[in-house]
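In what follows, every chain begins at residue 1, and chains take the letters A, B, ... in the order their sequences are listed.
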Number of protein chains: 2
Amino acid sequence: MNATRLDRTFAALADPTRRAILARLAAGEAMVNELAKPFAISAPAITRHLNVLERAALIVRERDGQFRRCRLNPQALQAASEWLDFHARFWSESFDRLDEHLKKTIKPRKPHVDRKPKRR
Amino acid sequence: MNATRLDRTFAALADPTRRAILARLAAGEAMVNELAKPFAISAPAITRHLNVLERAALIVRERDGQFRRCRLNPQALQAASEWLDFHARFWSESFDRLDEHLKKTIKPRKPHVDRKPKRR
DNA sequence: TGAACAATTAACATATAGGTTAAATGAATG
DNA sequence: CATTCATTTAACCTATATGTTAATTGTTCA
């Protein structure tokens with residue numbers, strides 16, 4: 001409960017329909033109408049997906065007469081992109097360290113006997 | 001249903017507990033035991049989170065005697081990172097194009113009358 | 001103004017997520 | 001070999017996600 005911005009961003013990106021909608025919007029703004037076209041789901045289902053994207057601040061909607069115009073919020077990917085970039089880099093460094101460590105200490109097979117027995 | 005790799009990656013990253021586990025693992029491999037420590041949730045709940053991370057290929061688990069050692073799969077962030085990088089870049093270009101377009105055409109207020117009436 | 005269209009909300013069904021406690025499994029050890 | 005510890009599985013609960021159809025809202029225009 002009480003999801004953060006990053007939570008909502010990643011959750012929004014976890015659905016292929018929503019990623020496809022975003023990909024379409026990257027080519028330019030569009031009406032709900034047109035966004036719905038490629039998908040075999042009902043209009044209310046599309047509205048829900050757009051709500052999710054909007055709550056994640058990934059898109060902005062504005063009324064244009066009878067229609068509703070959707071466009072990307074280009075800043076929204078920032079946080080998620082930074083999280084991933086940082087970790088992608090950090091992880092490989094971490095892996096390199098491990099790799100080096102393994103090369104130095106060839107299978108020490110330390111059996112973790114460093115536990116204190118519990119008195120009772 | 002039938003989630004793709006990217007679906008699973010983003011879904012796994014959408015939970016703060018799991019991101020914290022990943023952040024811990026970036027500092028080096030750890031036993032389930034230790035991963036669980038910072039969290040006020042039960043051991044089975046941790047196991048479930050680890051299952052999610054493993055299904056998303058973000059971590060690898062291997063038995064080490066009584067324990068189970070967890071470590072990152074550094075390649076796993078690749079796909080998600082690429083998706084985000086690509087779109088983050090593409091989006092801002094898209095935004096620039098829109099911006100330029102708006103500067104050229106100062107509020108045309110085109111009312112979208114290009115619809116064909118449906119005969120019946 | 002009323003029919004038609006765009007989009008949303010309401011009400012509902014079902015699946016999945018994420019948590020719990022209790023029981024089971026597998027390894028270490030006195 | 002019986003006990004303890006680490007971890008998982010089983011069974012269950014509740015909230016949320018994602019879809020549906022029917023009804024509602026707001027806009028256009030003949």
In numerical order, the residues of residues 44-54 of chain B whose heavy atoms come under 4.0 Å of DNA chain C are B:Pro44, B:Ala45, B:Arg48, B:His49

Rounded to whole Å, the CZ-P distance (A:Phe67 to C:dT8) equals 13 Å

Correct closest heavy-atom pair for A:Ala26 and B:Phe90 would be CB-CD2, 3.4 Å

Between CG of B:Asp64 and C1' of C:dG26 the distance, given in whole Å, is 14 Å

Value for CD1 (B:Ile41) from CD1 (B:Ile46), rounded to nearest 0.5 Å, stands at 4.0 Å

Atom CZ of A:Arg8 and atom C1' of D:dA17 are separated, to the nearest Å, by 14 Å

Under 3.5 Å, side-chain donor or acceptor atoms of residues 12-25 of chain B against the rest of the protein: list the pairs with distances, not counting sequence neighbours.
{"residue": "B:Asp15", "atom": "OD1", "partner": "B:Thr17", "partner atom": "N", "Å": "2.8"}
{"residue": "B:Asp15", "atom": "OD1", "partner": "B:Arg18", "partner atom": "N", "Å": "3.2"}
{"residue": "B:Arg18", "atom": "NE", "partner": "B:Ala12", "partner atom": "O", "Å": "2.9"}
{"residue": "B:Arg18", "atom": "NH1", "partner": "B:His49", "partner atom": "ND1", "Å": "3.1"}
{"residue": "B:Arg18", "atom": "NH2", "partner": "B:Ala11", "partner atom": "O", "Å": "3.2"}
{"residue": "B:Arg19", "atom": "NH1", "partner": "A:Asp7", "partner atom": "OD1", "Å": "2.9"}
{"residue": "B:Arg19", "atom": "NH1", "partner": "B:Leu13", "partner atom": "O", "Å": "2.7"}
{"residue": "B:Arg19", "atom": "NH2", "partner": "A:Asp7", "partner atom": "OD1", "Å": "2.8"}
{"residue": "B:Arg24", "atom": "NE", "partner": "B:Glu34", "partner atom": "OE2", "Å": "3.2"}
{"residue": "B:Arg24", "atom": "NH1", "partner": "B:Gly28", "partner atom": "O", "Å": "2.9"}
{"residue": "B:Arg24", "atom": "NH2", "partner": "B:Glu34", "partner atom": "OE2", "Å": "2.6"}

Side chain B:Arg8, main chain B:Ala3, donor-acceptor under 3.5 Å | yes

Heavy-atom closest pair (B:Leu50 atom, B:Cys70 atom, distance to 0.1 Å) is CD1-SG, 4.3 Å

Between CG of A:Asp7 and C1' of C:dA17 the distance, given in whole Å, is 14 Å

Comparing A:Asp15 with B:Arg61, nearest DNA chain D nucleotide closer to 5' gives the residue B:Arg61

>> If the cut-off is 4.0 Å, is B:Asn33 near the phosphate of D:dT7, judged by side-chain N/O to OP1 or OP2?
In response: yes

Across all chains, not counting sequence neighbours, the salt bridge (charged side-chain N to carboxylate O under 4.0 Å, His left out) partners of B:Arg61 are B:Glu54

In whole angstroms, the gap separating C1' of C:dT8 from CE of A:Met31 amounts to 16 Å

If you look only at distance, which donor and acceptor atoms sit under 3.5 Å apart when one is on a side chain in residues 75-88 of chain A and the other is two or more places apart or in another chain?
{"residue": "A:Ser81", "atom": "OG", "partner": "B:Asp85", "partner atom": "OD1", "Å": "3.4"}
{"residue": "A:Asp85", "atom": "OD1", "partner": "B:Ser81", "partner atom": "OG", "Å": "3.3"}
{"residue": "A:His87", "atom": "ND1", "partner": "A:Trp83", "partner atom": "O", "Å": "2.9"}

Of the candidates C:dG26, D:dT20, C:dT8, the side chain of B:Gln66 sits closest to C:dG26

CG (A:Asn73) and CD1 (A:Ile59) are apart, to the nearest 0.5 Å, by 10.0 Å

**Prompt:** Taking only N and O in the side chain of B:Ser42, is any of them less than 4.0 Å away from OP1 or OP2 of C:dT20?
**Reply:** yes

In this structure, CZ of B:Arg68 is separated from CD of B:Glu62 (nearest 0.5 Å) by 10.0 Å

The bend of the helix from C:dT1-D:dA30 to C:dG30-D:dC1, taken between the axes of its five terminal pairs at each end and rounded to 10°, is 10°

Between CZ of B:Arg55 and P of C:dT16 the distance, given in whole Å, is 10 Å

Picking from D:dT20, C:dA7, D:dT7, the nucleotide nearest the side-chain atoms of B:Arg68 would be D:dT7

